[in-house]
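Reckoned from all heavy atoms, side chains included, excluding hydrogens, waters and symmetry mates. Fair warning: this is a prediction, and the values are worked out from it, not measured in the lab. Within every chain, numbering begins at 1; the chains are lettered A, B, ... in the order of the sequence lines, protein sequences first and strands thereafter.
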Amino acid sequence: MIAEEALVKELKQKDSQAKAFEVLVNTYKERLYWHIRRIVLNHDDADDVLQNTFIKVYKNIEGFKGDSKLYSWMYRIATNEALTFLKQKSKKTEISDQELKTAMVENLQSDVYFEGDEIQMKLQQALAILPEKQKLVFNMKYFQEMKYDEISEVLETSVGGLKASYHLAVKKIEAYLKSD
Amino acid sequence: MKKNHKNKFKTPEGYFDSFNERLMEKIAKEESIIPKADGFGVPDDYFKNLNDNIISKLDEKEPKVIPLKSYKKFYYIAASIAAIAILTLAINWNDQPQLGFEDLASAEIDAYFDTTDMKLSSYEIAEVVSIDELELNDVLENSLEDEHILEYLDENINDIEELDLENEYYE
């Protein structure tokens, strides 16, 4: 994409860096926020991770070679930041990853920025017990409506593998929602 | 079928190729019991203020990390300095050049004689310094000129007769 190439070029030049960075944040802030939020669930945590993601992008833009698209590079950084954040959180609280995910879903009940009903809460419970990859693919496909090609670039997995993961995720979630 | 030459509209590349797949997904989604929204919300104006928050965070200087056991660092530095000093001394120990009398500056020698009591008697000095080479002016601080002698005699001798000029020694 020519516009993206031009933006990267401007981001690497000192005189145009600030303005280009503003454009970058405005273009991607919402998409990246929702991607991160669906991993960490809590708004304040999502905000922290999102800001760190943009700061990392800003500081490492010199290292961006353009082998992949800018947005997929940023999605990768956001995904890694969010997953690392969860790992650190489980280490700090000295509980397992799975215990943390269950606790995170339970905390949603008192979260002022979660307005989900019973079925939406059940969906989060179902997502919490999915393998990480299946959960990521499901959220990116179902809620963010990303194409398999785009997801493939971010997660560096074949499109065929992604389709299988998504299919499995949908089946598991449906089964969970149908159960009592 | 007659081609529609008047159609100026275009579609994105590959639109019809992926149409079926997208349609099936949409139908599956419509039929699914999985909710279409997940119920998450954000504070008012969150995205509006996000840019400023990120920019202010970028401007923040990274805090300096002070290690809890900082004294350990000083132990390592002190040990390193000591090791370097010992190593340098060991290497240079045998390389010290032998100092000779010539290496002493004459000012140092003068200073030594001025401040040190030599405890040498006149005889001992006479043994070292040959009297033949010695002149009166060598032992006087101010050189004795003829005019000084005449001046002295003029002031201190009243009668020229007092001078034993008859002494054959002076003849």
Side-chain angles (χ1 to χ4, degrees), chain A residues 17-18 21-26 29-30 32-34 37-38 41-44 46-48 50-55 57-59 108 111-124 126-127 138-139 141-143 145 147-149 163 166-167 169-178, chain B residues 4 7-73 75-76:
Chain A
Q17 201 173 42
F21 186 64
E22 205 180 327
V23 173
L24 184 86
V25 174
N26 282 333
K29 62 185 175 187
E30 290 202 37
L32 287 180
Y33 172 83
W34 289 115
R37 178 76 185 269
R38 288 182 176 114
L41 307 187
N42 173 278
H43 166 72
D44 289 333
D47 180 44
D48 272 354
L50 179 65
Q51 293 193 27
N52 287 339
T53 300
F54 276 117
I55 288 166
V57 168
Y58 184 83
K59 287 185 175 171
L108 282 175
D111 192 332
V112 288
Y113 299 119
F114 181 71
E115 296 146 356
D117 53 20
E118 197 184 332
I119 191 87
Q120 284 164 329
M121 181 57 99
K122 213 169 175 185
L123 168 68
Q124 291 306 320
L127 285 167
F138 176 80
N139 277 331
K141 184 76 195 153
Y142 193 84
F143 288 116
E145 298 183 330
K147 292 175 186 166
Y148 281 118
D149 288 345
K163 282 181 178 174
Y166 179 71
H167 180 74
V170 170
K171 291 287 157 212
K172 284 181 190 175
I173 293 166
E174 283 178 340
Y176 189 90
L177 293 178
K178 279 175 192 165
Chain B
N4 187 359
N7 188 4
K8 300 290 180 192
F9 294 108
K10 286 181 178 176
T11 57
E13 208 174 311
Y15 171 74
F16 291 110
D17 297 336
S18 61
F19 182 80
N20 288 23
E21 192 183 333
R22 282 183 290 112
L23 181 66
M24 295 316 287
E25 275 172 18
K26 188 101 179 171
I27 290 167
K29 210 168 167 178
E30 292 291 325
E31 289 172 348
S32 174
I33 56 161
I34 301 171
K36 286 166 195 72
D38 50 13
F40 290 117
V42 288
D44 293 337
D45 294 335
Y46 169 68
F47 290 115
K48 204 174 153 189
N49 302 325
L50 186 63
N51 290 40
D52 293 338
N53 293 340
I54 293 170
I55 300 296
S56 64
K57 220 171 178 181
L58 264 181
D59 293 338
E60 274 175 26
K61 278 190 177 174
E62 282 182 24
K64 198 178 172 185
V65 178
I66 301 164
L68 284 172
K69 294 182 177 177
S70 58
Y71 58 84
K72 267 193 173 178
K73 187 174 74 181
Y75 286 164
Y76 291 135

Closer than 3.5 angstrom, by distance alone: can the side chain of [X] be matched with the main-chain N or O of [Y] as a donor-acceptor pair?
X: A:Gln124; Y: A:Met121; value: no
X: A:Tyr142; Y: A:Val170; value: no
X: B:Asp45; Y: B:Lys48; value: no

- Query: Using the ring of each side chain (for Trp, its six-membered ring), is B:Phe47 parallel, tilted or perpendicular to A:Trp34, with breaks at 30° and 60°?
  - Reply: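 Taking A:Trp34 first and then B:Phe47, their aromatic rings sit tilted (interplane angle of 30° to 60°).
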Contact winner vs chain B - [options], heavy-atom pairs under 4.5 Å:
options: A:Phe54, A:Tyr176, A:Phe143; value: A:Phe143
options: A:Lys141, A:Glu22, A:Glu174; value: A:Glu174
options: A:Lys122, A:Lys147, A:Glu115; value: A:Glu115

- Task: Considering non-hydrogen atoms only, spot the tightest contact between B:Ala37 and A:Gln120 and give its length.
- Result: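 Closest pair (atom of B:Ala37, atom of A:Gln120, distance): O-NE2, 2.8 Å.
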Side chain, backbone, both or neither: which part of [X] has an atom under 4.5 Å from a heavy atom of chain B?
X: A:Val112; value: neither
X: A:Asp47; value: both
X: A:Leu41; value: both
X: A:Leu177; value: both
X: A:Tyr166; value: neither

- Item | Verdict with supporting geometry, B:Phe40 and A:Phe114, ring-ring contact (aromatic ring centres under 6.0 Å, His included) | CA-CA 5 Å; B:Phe40 290 117; A:Phe114 181 71; 5.4 Å; yes
- Can A:Tyr33 and A:His43 be said to form a ring-ring contact (aromatic ring centres under 6.0 Å, His included), step by step? CA-CA 9 Å; A:Tyr33 172 83; A:His43 166 72; 5.7 Å; yes
- Counting heavy-atom pairs under 4.5 Å with chain A, the top scorer among B:Val42, B:Ile33, B:Asn51, B:Asp38 is B:Asp38
